[in-house]
Chemist: 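Just dropping this structure here.
All residue numbers refer to positions in the sequence shown, counting from 1. Start at 1 and go down the list; that is how both ligands and their atoms are numbered.
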Amino acid sequence: MSKPSASLLDLKSLSLSQIRQLFSQAKKIKTESLPYQATGQVVGLLFFEASTRTRMSFETASHRIGLSPILLDGGIKSSLEKGESVEDSILNVAAMGPHCLVIRCGDSVDLLTLSKKIPCGILNAGWGVKGHPTQALLDVFTMQETLGSEPGAIEGTKILFIGDIRHSRVAASHFEISKTLKTQVAVCAPSEFMLESSLIKKFEDLDEGLSWADVVIVLRCQFERHQSEFKTFSVENYRKNYGLSSSRAKRLRSKALIMHPGPINHGIEMESEILSDPRCRVLQQVNNGVFVREAILRATLEGTL
Ligand code: CP
């Protein structure tokens with residue numbers, strides 16, 4: 001079996017120096033093609049919920065360093081179809097001795113308890129609404145790259161989250177990392193999508209929020225997570241009051257950044273025209289996802305995570 005590797009389940013336990021180290025590695029990987037050979041080692045990619053960006057960027061990053069990915073994708077043709085539980089599936093793949101497991105799953109799965117039962121680390125690749133740490137890391141890496149500063153120096157940067165904050169694991173991870181990086185966060189959303197926390201700055205009016213922000217992160221309306229209380233939700237009203245269009249984006253300063261973790265509901269939370277706004281970083285985020293995730297995989301192989 002591989003030696004035990006650390007888990008990355010949330011961002012609360014990642015220090016500023018660890019974040020700096022990961023970003024420094026990701027930058028070298030991106031700009032200098034830093035060589036690495038993990039031949040003979042295996043990573044399990046277990047995706048119990050849909051994914052394109054996270055799964056394929058972990059897969060790409062694995063291939064880039066010779067780490068062999070084994071894939072359980074959405075349960076198709078797996079023993080989940082025969083009634084095996086997600087937990088048993090994870091324990092059984094872990095028993096095959098991979099170096100680490102990259103897991104996307106729902107809130108009902110207790111990754112924390114599982115991480116104590118299995119001999120390898122778990123990298124959270126999107127866990128219900130609890131968190132999506134690698135997405136928040138690649139977002140901050142993209143901000144830092146574009147704003148031209150070191151991670152410590154994005155202190156004070158004003159980040160506005162627009163939209164379905166209540167169901168967003170991406171926002172949850174950003175709220176964690178913002179405490180370490182000392183960035184300022186604020187939210188703008190209709191009441192159905194708002195958090196109950198009174199600790200987070202809130203904007204009622206999107207135009208005011210846009211004038212305040214250095215970075216906006218537009219969130220996907222997660223229709224698949226909405227319960228009966230959303231029956232009265234009007235997509236048309238949402239688009240009108242919270243959708244980001246080119247005319248709305250005029251409120252943003254010229255050096256502001258527009259981000260979205262994807263996938264995008266075109267014409268709902270964001271108009272397609274925003275993708276050609278020079279401030280928009282959506283595909284840069286995706287590109288950086290490969291390098292940041294490669295840096296995370298290398299750190300787990302080296303035992304430095
Ligand atoms: N941002 C993100 O997690 O995208 P996927 O669901 O496609 O992985």
Chemist: Taking only heavy atoms of T52 into account, list the atoms of ligand 1 that are under 4.0 Å away from them.
Modeler: 5 (P), 7 (O), 8 (O)
Chemist: Mind checking what makes ring pair (Phe, Tyr, Trp, His ring centres under 6.0 Å) contact with F141, not counting sequence neighbours?
Modeler: F23
Chemist: Please identify each residue that fulfils ring pair (Phe, Tyr, Trp, His ring centres under 6.0 Å) with F47, with sequence neighbours left out.
Modeler: none
Chemist: Look at atom 3 (O) of ligand 1 and find which of R53, H132, E49, R220 reaches it with the closest heavy atom.
Modeler: H132
Chemist: So if I count the atoms of ligand 1 from 1 in the order they appear, which ones are less than 4.0 Å from some heavy atom of Q135?
Modeler: 1 (N), 2 (C)
Chemist: Side chains of E236 and S234 only: does a donor on one sit below 3.5 Å from an acceptor on the other?
Modeler: no
Chemist: Return yes or no for this condition: an N or O of T54 is under 3.5 Å from an N or O of ligand 1.
Modeler: yes
Chemist: With a 4.0 Å cut-off on N to O distance, would you call E87 and K117 a salt bridge?
Modeler: no
Chemist: Please list, in number order, the atoms of ligand 1 under 4.0 Å from a heavy atom of G262.
Modeler: 1 (N), 2 (C), 4 (O)
Chemist: To check your reading of the model: name the closest protein heavy atom to atom 1 (N) of ligand 1, its residue, and the distance in Å.
Modeler: P261 O, 2.8 Å
Chemist: Say whether M56 and ligand 1 are in contact under the criterion: heavy-atom distance to a ligand atom below 4.0 Å.
Modeler: no
Chemist: Would you please determine whether G126 falls within less than 4.0 Å of ligand 1 on a heavy-atom basis?
Modeler: no
Chemist: Would L305 end up clustered with L138 when hydrophobic side chains under 4.5 Å apart are linked, directly or stepwise?
Modeler: yes
Chemist: Give the ring-plane orientation class for F203 versus W212, where under 30° counts as parallel, over 60° as perpendicular and anything between as tilted.
Modeler: tilted
Chemist: Could you check whether the rings of H167 and F193 sit parallel, tilted or perpendicular, using 30° and 60° as the cut-offs?
Modeler: perpendicular
Chemist: Considering non-hydrogen atoms of the protein only, which is the closest contact for atom 6 (O) of ligand 1, and what is the distance?
Modeler: R104 NH1, 2.8 Å
